[in-house]
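Below, read A as the first sequence line, B as the second, and so on, with proteins coming before strands; counting in each chain starts at 1.
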There are 2 protein chains.
Amino acid sequence: MKPTIRDVAKMAGVSISTVSRVMNAPETVVESKRLRVLDAIEELQYQPNSFARGLIYRKSYTLGLLVPDIENMYYAGMIRGMQDACIKLGYGLMICNTDRDSERLLSYIDAFHEKQVDGIVLASDMLFPEYYDKLVGCRIPFVMVSSHSDDYDIPSVEVDDEAAAYDAVKFLIELGHKQIGMIGFNHANSISGPPRCEGFARALREFGLGHNLEKVKYASHRFEHAYEASHELFSQYPDTTAVFCVADEFAMGTISYLKDRNVLVPGQVSVVGFDNIRMAGMFIPKLTTIAQPIYELGYRSAEQLHELVTTGSVNVTREKMRHKLIVRESTRER
Amino acid sequence: MKPTIRDVAKMAGVSISTVSRVMNAPETVVESKRLRVLDAIEELQYQPNSFARGLIYRKSYTLGLLVPDIENMYYAGMIRGMQDACIKLGYGLMICNTDRDSERLLSYIDAFHEKQVDGIVLASDMLFPEYYDKLVGCRIPFVMVSSHSDDYDIPSVEVDDEAAAYDAVKFLIELGHKQIGMIGFNHANSISGPPRCEGFARALREFGLGHNLEKVKYASHRFEHAYEASHELFSQYPDTTAVFCVADEFAMGTISYLKDRNVLVPGQVSVVGFDNIRMAGMFIPKLTTIAQPIYELGYRSAEQLHELVTTGSVNVTREKMRHKLIVRESTRER
DNA sequence: GTGAAAGCGCTAACAT
DNA sequence: ATGTTAGCGCTTTCAC
């Protein structure tokens, strides 16, 4: 049996209240007893029962994270950031993988509710009314990361997707490319899909390259889909010399496709990615990409949630973090 | 305030025990009342307080996972498997990233202890006496995945590293390679490092290629280190035509190095990896590699832990799963 | 400064 | 079949 506060009290020859006090307000108990209690705690390897504590404080000191796809490398860095923040804040982190499935997400909310997490961070997903209602119904505070809601006033941290996409495309244009395509996210389920398309369009228009506006194919988050989408893109617009991919994994898919067709990257076609996941610098060729501060995004979102949980509100809702173009080897002047 | 069992009881006009019964033994309460209770639960979005339950059952229905490096793609698939198993078993999963740091790992054990997880799965790490003592001291059952302990009798699931390495090297030999090098794990902290070296050595000896035995360089888990190690390997043994890398990420590092030196893979040098992480099929060239059943490893380890937690022991300790050579594009006949 | 006792939300044994 | 009640381990008044 795990030792309880009673065991400690007995061993130290004091009452349980005294034991409780040395843990929560040590200065209120005389040194001699305090020391005896501390010894007993040490000796028994006593750990207060967090169920009992939770019952009283109504806090689990645990945060929940809902990610769409844990195999997507983008989230690995984010999780590290969140976890480091959680350590700093004295919280635990419970990670759940929704597989982009509504049912599953909803049932994880139930699980979180039952486990009494103090708050949830929702990564990348759209905030459907269904989710919102459930979260509010469960009275669980939550924030969003790499996403936001236009309809509800929910704290969020992300990058300026429109501006970032604009920068990527502008870079391609300045390299001298005139025939530019894009591999985007399927709009249906994606929060960052539309703004990245808009950034693409704005850059094109601004530089009088509006004829490219239609050169957009969509893929759903994985390498293989981007490979397929690239096939469509190049079949339909064979003279394309540059493509903007809204995710590094897409860029890899595009480059793979091109490679299979014996077209050189960046020799014949330039490709820019998005995210700057760890793999971006390992791929051949190394990816030119829009870097998101992935780790910081995760770190910040945990802090934000903590703020929300403890104070009831956050200072800056809808926070934006800076992106940055990183030029590596997948792009070249035309 | 979150509704309690009392609120439900009041709304349904019954006693709290009846409410408790409809949740734990529905058949013992008459339909009419049961329905009223169910309605009230629905209406209030009532969720039993897991602290109170935990206090009684002394179970948190939560498992803890300790991974060395969550940014290592190897673990992503494993986590998916574990999570799916946890769903099936009705458990939650708490993931912690140790960064291969003893201090951090130990402090996570404390956190798990305090949070009363029902069990822990320890991934890849060695089981130092320090860890073992602490775990036993805390009375937390645990299993190991992609690792095992020779010193203690702890349930584990992994692949047969020695045999797998042997197969990889044998494949290279059968392709006609005579000058074979290896990029291995630094031994200090690695459980799978030594057996993979042994597999390498056994294949070499068996085919009379013992002169390659010394062509081994070590790297510590990341791409960059493998890149460096490859530099050392090829500087010292420039006539090497094939290299066995003990991780796919190492294979990528090696190939990157070779690429930077303008040597063709698989044209001039063949490379085989290990793990078959998701990236292996996305890299250029696609990696020939030893596939581990990563998802299943995770799934199985969670099942094993569950067995240990619920029954107090497991049927087969030190379980092995089958590996498989997957031939793709990074290897070629000599 | 310290102990006794109430109570957090729930389950289970005991009455009825 | 249903209600009453005693804890589970802890914190926190409230007396002393």
Do the non-hydrogen side-chain atoms of B/Tyr108 and A/Ile87 ever get within less than 4.5 Å of each other?
->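 Counting from C-beta outward, B/Tyr108 and A/Ile87 do come under 4.5 Å.
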
Separation of [X] atom [atom1] from [N] atom [atom2], in whole Å?
X: B/Glu114; N: D/dC10; atom1: CD; atom2: C1'; value: 13 Å
X: A/Arg21; N: C/dA4; atom1: CZ; atom2: P; value: 11 Å
X: A/Ile41; N: D/dG9; atom1: CD1; atom2: P; value: 16 Å

OP1 or OP2 of D/dG3 under 4.0 Å from side-chain N/O of B/Thr18 =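 Yes.
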
Under 3.5 Å, is there a donor-acceptor pair between the side chain of B/Glu303 and the main chain of B/Ala85?
->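 Side chain of B/Glu303 to backbone of B/Ala85, a donor-acceptor pair under 3.5 Å: no, none is there.
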
Output yes when A/Glu114 and B/Arg53 qualify as a salt bridge under the 4.0 Å nitrogen-oxygen rule, no when they do not.
->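 Result for this pair is no, no salt bridge flagged.
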
Positions of residues 28-37 of chain B (non-hydrogen atom under 4.0 Å from DNA chain D), listed by number =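 DNA chain D contact set from residues 28-37 of chain B: B/Thr28, B/Val29, B/Val30, B/Lys33.
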
Extract from the structure each pairing of a protein N or O with an N or O of nucleotides 6-10 of chain C at less than 3.5 Å, listing the distance.
residue, atom, partner, partner atom, Å
C/dC8, O3', A/Arg58, NH2, 2.8
C/dG9, OP1, A/Arg58, NH2, 2.2
C/dC10, OP1, B/Tyr46, OH, 2.3
C/dC10, OP1, B/Asn49, N, 3.0
C/dC10, OP2, B/Ile5, N, 2.3

Output all residues satisfying side-chain hydrogen bond (donor to acceptor under 3.5 Å, both in side chains) with B/Arg80, sequence neighbours left out; order by chain, then residue number.
->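 Only A/Glu71, A/Asp99 meet the side-chain hydrogen bond (donor to acceptor under 3.5 Å, both in side chains) criterion with B/Arg80.
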
Scan for side-chain hydrogen bond (donor to acceptor under 3.5 Å, both in side chains) pairs involving residues 28-43 of chain B, sequence neighbours excluded, and state none if there are none.
->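 Found none.
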
Please lay out, stage by stage, how B/Arg318 and B/Asp153 fare under the test salt bridge (Lys or Arg N to Asp or Glu O under 4.0 Å).
-> CA-CA 9 Å; B/Arg318 302 183 217 250; B/Asp153 197 30; 3.2 Å; yes

According to the interplanar angle, ranging from 0 to 90°, do the rings of A/Tyr152 and A/Tyr132 count as parallel (below 30°), tilted (30 to 60°) or perpendicular (above 60°)?
->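 A/Tyr152 and A/Tyr132: parallel rings.
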
Under the side chain to side chain donor-acceptor pair (under 3.5 Å) rule, what do B/Tyr131 and B/Asp125 come out as? Steps first, then yes or no, please.
-> CA-CA 10 Å; B/Tyr131 303 167; B/Asp125 265 313; 5.4 Å; no

For this output row, return yes or no: ring centroids of A/Tyr91 and A/Tyr61 closer than 6.0 angstrom.
->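 Ring centres of A/Tyr61 and A/Tyr91 closer than 6.0 Å.
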
Taking side chain to side chain contact (heavy atoms under 4.5 Å, CB included) as the test, write out the residues that go with B/Lys2, two or more places apart.
->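 Testing B/Lys2 for side chain to side chain contact (heavy atoms under 4.5 Å, CB included), a comparison that skips the adjacent residues, returns A/His113, A/Gln116, B/Gln47.
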
Difference in axis direction between the ends of the helix from C/dG1-D/dC16 to C/dT16-D/dA1, five pairs, 10° =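 Overall, the helix from C/dG1-D/dC16 to C/dT16-D/dA1 bends by 50° from one end axis to the other.
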
